[in-house]
Amino acid sequence: MQYYVIGKKDKKTRMKHSILLKVRNRPGVMAHVVGLFSRRSYNIESIAVGTLADPKESIITIIVDDQEDVQNIKRLDTQLKKLVDVISIRDFRYNESLSRELALILIEFEPSKLKEVIDMVQAFGAKIEDMSENNILIDISAASRKVHSLIRSLSRKYNIVEMARTGEVSLPLIQLPEKSLSSK
Amino acid sequence: MKTGSEIFIDFLRHRDIDLVFGYPGGAILPIYDAVFRSGIRHILVRHEQGAIHAAEGYAKATGKIGVVIVTSGPGATNLVTGLADAKMDSVPIMAITGQVPTHLIGTDAFQEADIYGISIPITKYNYLVKDVDELASTLEESYVIALSGRPGPVLIDIPKDVQNAKTSNTSFVVSEHIKKRFQSEIPIEGNIEALAQAINQAERPLFYVGGGAIHSGAHVALRKVAEKAHIPVVMTLMGLGSFPQDHPLSFGMLGMHGSKYANYSVSSCDLLVCLGARFDDRVTGKLDAFAKQCKIAQVDVDPAEIGKLVQIDYPIRGNLKRVLELILDLVEYNEREKWFEQLYEWKEKFPYKYYKDEKVIKPQHFLEVLDKKTQGRAILTTEVGQHQMWSAQYYGFLEPRTFLSSGGLGTMGFGFPAAIGAKLGCPERIVVSIAGDGSFQMNVQELATVSMYQIDVKIVVINNGFLGMVRQWQEMFFGSNFSHSDFTYNPDFVLLGRSYGIDSMRITQENEVEKGMDFLLQKGKACLLEVVVPENENVFPMIPAGAAIHEMIDIDD
């Protein structure tokens, strides 16, 4: 399996943290979590949620940008732990994680450009899920930067008719030591 | 099989809740019918805000949970201020709101409001019970959550059809998750030995005590530790009463309107031990000039408070009472002659000061007389503003749960209904509601509640014809532009009290204070005393906005 380590030297991503929240799967849980972020003025860069093997529990993945200092993340963690529906929290540096997001992209192009389009899609390791003579529905699951790069390249040359993106999910890489600030 | 409403009544009995506050309405009728048939004592107020502040007063005075029941829509939204207030001051409240039937939720039905969504940021937790099977466990869970650790308000929104629906799930059990989170013993995290050692080695230690000392019932342990180790104690507004103010180790209140000597002690100690307080901006003044010269310890049950604003050298997470009991064995007596010499010198040089007058009534003097007449053992509730600060400064609180005030949110209109709740919770105590003329008019309608149930609250209206604290700030910082702080019209408070069937009296002269006090404190019936005071009296000392804790303005400056 190939994966990408987001550039450790990248200043922007160095400050980012991934937070995994295991929560009780109840109506209102998302409102409680997101509400905490907004009223404490933390900015959510990306959020994704899905149920775990036990459908009574969900995992919420939040990417935050800790631009000021690491203290903010610690503070955020203690406040998240106070939420009644939170079962456990795990956070780690975005740079030490494997992150993925998914995008579905419908593009339109001149029929003569078909081979060019297919080449570009394959170069990015994306998949073609549906096709007509001048439309293609692309499915890409990759690191955020790669997804962003594909979208940029497609929009420059062709017409993006419609697009849907998920938030990022991430897990810490195996070989790096566990440097999480807090775990339960 | 029982209906939702019956389960609710069973729950009240199960948890020995014998008093609730509320105001009926369409969406809560089934529960109200059950309340009526149950004979449980219910206090009918005249505004839902009065109900929740009364429940807060009851909870603050007794330590028990305050229960309030209201209807949907406007009934529920009228609780918002009280919920926010309870959250800020960590008051255990159970708020039951009726809701439109489940099939109408989200349709903009009559008297529908998304109180669940609205109350998320202002409650400790909340519920919308869509299935009657979950009602029993929800009620039990919310009771546990409201009272455990750092107390707080919990709201339960119950649709009308759920109140009427039947279920056989009638047992009050909580889920495993809740049991683990809220019913297991709170661990103590942190190095108690290190803290005890730091205390023993400190030459100028200081205890900075907040509301947490009262919530955890730590006042006895606190006194023992302070006496054994010989440590001076200063208190926040919320901590007043946790340590007796007539004790030689007490150095009063610190903060924006605290005493000069208390604030100086913070800026010259070498170890500041924060016990159940949260470095609130009303206490610290400019944060980066606060307690820079000393080491700081903090003990709190809420881990999110430790180190929230200030770097802590000795953090300890745990129940304050238990931590103090453990520390008691480890601390030793230390004379600390020089430190106490300095503290007593400051205390003598910089007492709270006001200029007495022979003609007009000075509010500070009135409170001193009240203190003497009640031996410092009445329960005082206040509203917000100058009278609140003077009450904190000039009444010498000796016991916990006797100063009931809205500290964190600073809610005008809190005190008078809170006094109602406090008197019902502590009928054997003298309960005095101190209000300014502005604050009193915010929940004045509860005079009807007082009369209806013949509740013996002593109602004091300190009338200076102004929104006093605002006026003070405008005088000091806005070139005396009294923008809309001047009550050029006020009702006749005496006539107002009498119209509600309450014995009322006005005093305007200094030589009437004794008479007024005797009138107010007469046994067995509610009385209203209007005390007319000069408008230009200001609260001193004061830490102006942006200044450090030791940079106070005093009366002679």
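Every chain is numbered from 1 and lettered A, B, ... according to where its sequence line falls, protein lines coming before strand lines. Below, all heavy atoms of this structure are taken into account, side chains as well, without hydrogens, waters or symmetry copies.
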Novice: Do the charged groups of Lys81(A) and Asp77(A) touch, with an N to O distance under 4.0 Å?
Specialist: no
Novice: Does the pair Thr167(B) and Ile7(B) meet the rule for a side chain to side chain contact (heavy atoms under 4.5 Å, CB included), with working shown?
Specialist: CA-CA 9 Å; Thr167(B) 177; Ile7(B) 292 174; 3.4 Å; yes
Novice: Assess the side chains of Ser144(A) and Glu101(A): does a donor N or O sit below 3.5 Å from an acceptor N or O?
Specialist: yes
Novice: Please examine the side chains of Leu83(A) and Val33(A), heavy atoms only from C-beta on, and report whether any two atoms are closer than 4.5 Å.
Specialist: yes
Novice: Looking at Ile65(B), Val144(B), Val67(B), Leu139(B), which hits side-chain contact (heavy atoms from CB on, under 4.5 Å) with Arg15(B)?
Specialist: Val144(B)
Novice: Could you give all pairs that pass the ring pair (Phe, Tyr, Trp, His ring centres under 6.0 Å) test and reach residues 115-171 of chain A, with sequence neighbours left out?
Specialist: none
Novice: Using non-hydrogen atoms and a limit below 4.5 Å, what part of residues 172-179 of chain B faces chain A?
Specialist: Ser175(B), His177(B), Ile178(B)
Novice: Could you tell me whether Glu110(A) and Lys113(A) make a salt bridge, using a distance below 4.0 angstrom between a side-chain N and a carboxylate O?
Specialist: no
Novice: Measure from the side-chain N and O atoms of Glu305(B) to the backbone N and O of Ala277(B), and report whether any donor-acceptor pair falls under 3.5 Å.
Specialist: no
Novice: Could you please state which residues from residues 116-134 of chain B sit under 4.5 angstrom from chain A, measuring non-hydrogen atom to non-hydrogen atom, sorted by number, or 'none'?
Specialist: Tyr116(B), Ile120(B), Pro121(B), Lys124(B), Tyr125(B), Asn126(B), Tyr127(B)
Novice: Hey, are Thr411(B) and Asp85(B) close enough side-chain-wise for a donor-acceptor pair under 3.5 Å?
Specialist: yes
Novice: Search all heavy atoms of Met88(B) against all heavy atoms of Leu409(B) and return the closest pair with its distance.
Specialist: CB-N, 3.9 Å
Novice: So what's closer than 4.5 Å to chain B heavy atoms on Leu36(A): side chain, backbone, both or neither?
Specialist: neither
Novice: If the contact rule is any heavy atom under 4.5 Å from chain A, which residues of residues 149-157 of chain B qualify, in numerical order?
Specialist: Arg150(B)
Novice: Which heavy atom in Leu104(B) sits nearest to a heavy atom in Glu112(B), and how many Å separate them?
Specialist: O-OE1, 3.5 Å
Novice: Side chains of Asp281(B) and Leu287(B): does their closest heavy-atom pair fall under 4.5 Å?
Specialist: no
Novice: State plainly whether the residues Asp280(B) and Arg278(B) are in salt-bridge range, i.e. N to O under 4.0 Å.
Specialist: yes
Novice: In terms of heavy-atom pairs under 4.5 Å with chain A, which of Ile306(B), Asp302(B), Ile145(B) leads?
Specialist: Asp302(B)
Novice: Taking atom types as modelled, is there a side-chain donor on Asn319(B) or Ser216(B) under 3.5 Å from an acceptor on the other?
Specialist: no
